[in-house]
Amino acid sequence: MQKGTLYIVSTPIGNLEDITLRAIRILREVGLIAAEDTRRTRILLNAYQIDTPLTSLHDRNELKKGVHLIARLNEGIDMAYVSDAGTPGISDPGYIFVKQAIAQSIKVVPVPGPVAAVAALNVSGIPMDSFVFFAFLPSRRGKRRQLLESIKEETKTMVFYESPNRLVAALKDIGEILGDRQIAVSRELTKIYEETLRGTVSEVSESLRRRKIKGEITLVISGAAMDRTGLSAEEIRAKFQEARKDPESSTRDIVDALSEKMDMPKKEIYRQVLDFINEDSGE
Ligand code: SAM
């Protein structure tokens, strides 16, 4: 007998329109939808007149229920898995179920869509070409500070999920441990009260003072300065401006020389240099 297929389907992170045509079709066509919270998923299904049967699979029953659902897949039923919002497995259940399915040689097919981390990166104004996703910051201060200490040297952009209740305390620890870096705090993306606050950690903290912070929050924080010689961005800028005075030097020559001098990848120097040029020309 042919086994069923397991579709891992991304759903909206707020705005119900953020669902792909393919996701709607798959949710309609499969024999069963396993959902983290059937009541929440019902709202989405009702919006699209989908009446596929639903069953629950959440982090408290994922292992046991997964075994049962895998048996149904083995019988030939096609199934979709959806979490409450966004992409399953990303700070959500789904991973164990996928592992179980793979172990039983069941075909697992992604139906991609929204991820809050990526949406927040997109609007952060902080480099998004490479990044590290840390999921939720630890809720306890000690553990949070320990984690931040351990990633102080991370040069890639960092993305965290955070609860509104802990945001102010988290920003304080971020400022103290990582320094006054660029940060973007995105709240309620794709929803009515969507907003993104951008600036240094201290600027954003200041603008949040005396505000009641509600909703879902994602933090995007710039990586540690790439400069292994210990120079600040301002000092690198000064070096760049100095080198630029030489009419014989092209931007490429300057990037090559700075990269050599500072033992930094050319790509990173080029990115910083482009930032300087844009800032200088008032863009
Ligand atoms: N699986 C989801 C995804 O693909 O992004 C993440 C689920 S995780 C349990 C929920 C957390 O994601 C929230 O607490 C918040 O940190 C972040 N998040 C979810 N929706 C968001 C939104 N609309 N705006 C900002 N952050 C959001």
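If you read the sequence from its start, that first residue is 1, and numbering goes on from there. As the structure lists them, so they are numbered: ligands from 1, and atoms in each ligand from 1.
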Looking at E203 and R198, does any basic side-chain N land under 4.0 Å from a carboxylate oxygen?
no

Output, or 'none' if empty, a list of ligand 1-protein atom pairs in which both atoms are N or O and the distance is under 3.5 Å, rounded to 0.1 Å.
| unit_1 | atom_1 | unit_2 | atom_2 | d |
| --- | --- | --- | --- | --- |
| ligand 1 | 1 (N) | A85 | O | 3.1 |
| ligand 1 | 1 (N) | T87 | O | 3.1 |
| ligand 1 | 1 (N) | I90 | O | 2.8 |
| ligand 1 | 1 (N) | D92 | OD2 | 2.8 |
| ligand 1 | 4 (O) | T87 | N | 2.8 |
| ligand 1 | 5 (O) | A116 | N | 2.8 |
| ligand 1 | 5 (O) | Y161 | OH | 2.7 |
| ligand 1 | 16 (O) | I217 | O | 2.6 |
| ligand 1 | 20 (N) | E216 | OE1 | 3.3 |
| ligand 1 | 23 (N) | I13 | O | 3.1 |
| ligand 1 | 23 (N) | L189 | N | 3.3 |
| ligand 1 | 23 (N) | L189 | O | 2.9 |
| ligand 1 | 24 (N) | L189 | N | 2.9 |
| ligand 1 | 26 (N) | T218 | OG1 | 2.8 |

In terms of side-chain geometry, is the basic nitrogen of K65 or E36 positioned less than 4.0 Å from the acidic oxygen of its partner?
no

Lys/Arg N to Asp/Glu carboxylate O, R209 vs E206, below 4.0 Å:
yes

According to ring-ring contact (aromatic ring centres under 6.0 Å, His included), who are the partners of Y95, at least two apart in sequence or on a separate chain?
none

Return a table of donor-acceptor pairs under 3.5 angstrom between the side chains of residues 166-186 and protein atoms on other chains or two or more places apart.
| unit_1 | atom_1 | unit_2 | atom_2 | d |
| --- | --- | --- | --- | --- |
| R166 | NE | E162 | OE1 | 3.3 |
| K172 | NZ | E176 | OE2 | 3.2 |
| D173 | OD1 | R145 | NH1 | 2.6 |
| D173 | OD2 | R144 | NE | 2.9 |
| D173 | OD2 | R144 | NH2 | 3.0 |
| E176 | OE1 | R145 | NH1 | 2.9 |
| E176 | OE1 | R145 | NH2 | 3.3 |
| D180 | OD1 | V201 | N | 3.1 |
| D180 | OD1 | S202 | N | 2.8 |
| D180 | OD1 | S202 | OG | 3.2 |
| D180 | OD2 | S202 | OG | 2.7 |
| R181 | NE | L178 | O | 3.0 |
| R181 | NH1 | S222 | O | 2.9 |
| R181 | NH2 | K152 | O | 3.0 |
| S186 | OG | T196 | OG1 | 2.8 |

Donor-acceptor list for residues 77-90 side chains, cut-off 3.5 Å, not counting sequence neighbours:
| unit_1 | atom_1 | unit_2 | atom_2 | d |
| --- | --- | --- | --- | --- |
| D78 | OD1 | T5 | N | 2.7 |
| Y81 | OH | L57 | O | 2.8 |
| S83 | OG | A85 | O | 3.4 |
| S83 | OG | D92 | OD2 | 2.9 |
| D84 | OD1 | D37 | N | 3.3 |
| T87 | OG1 | S10 | OG | 2.8 |
| T87 | OG1 | P114 | O | 2.8 |

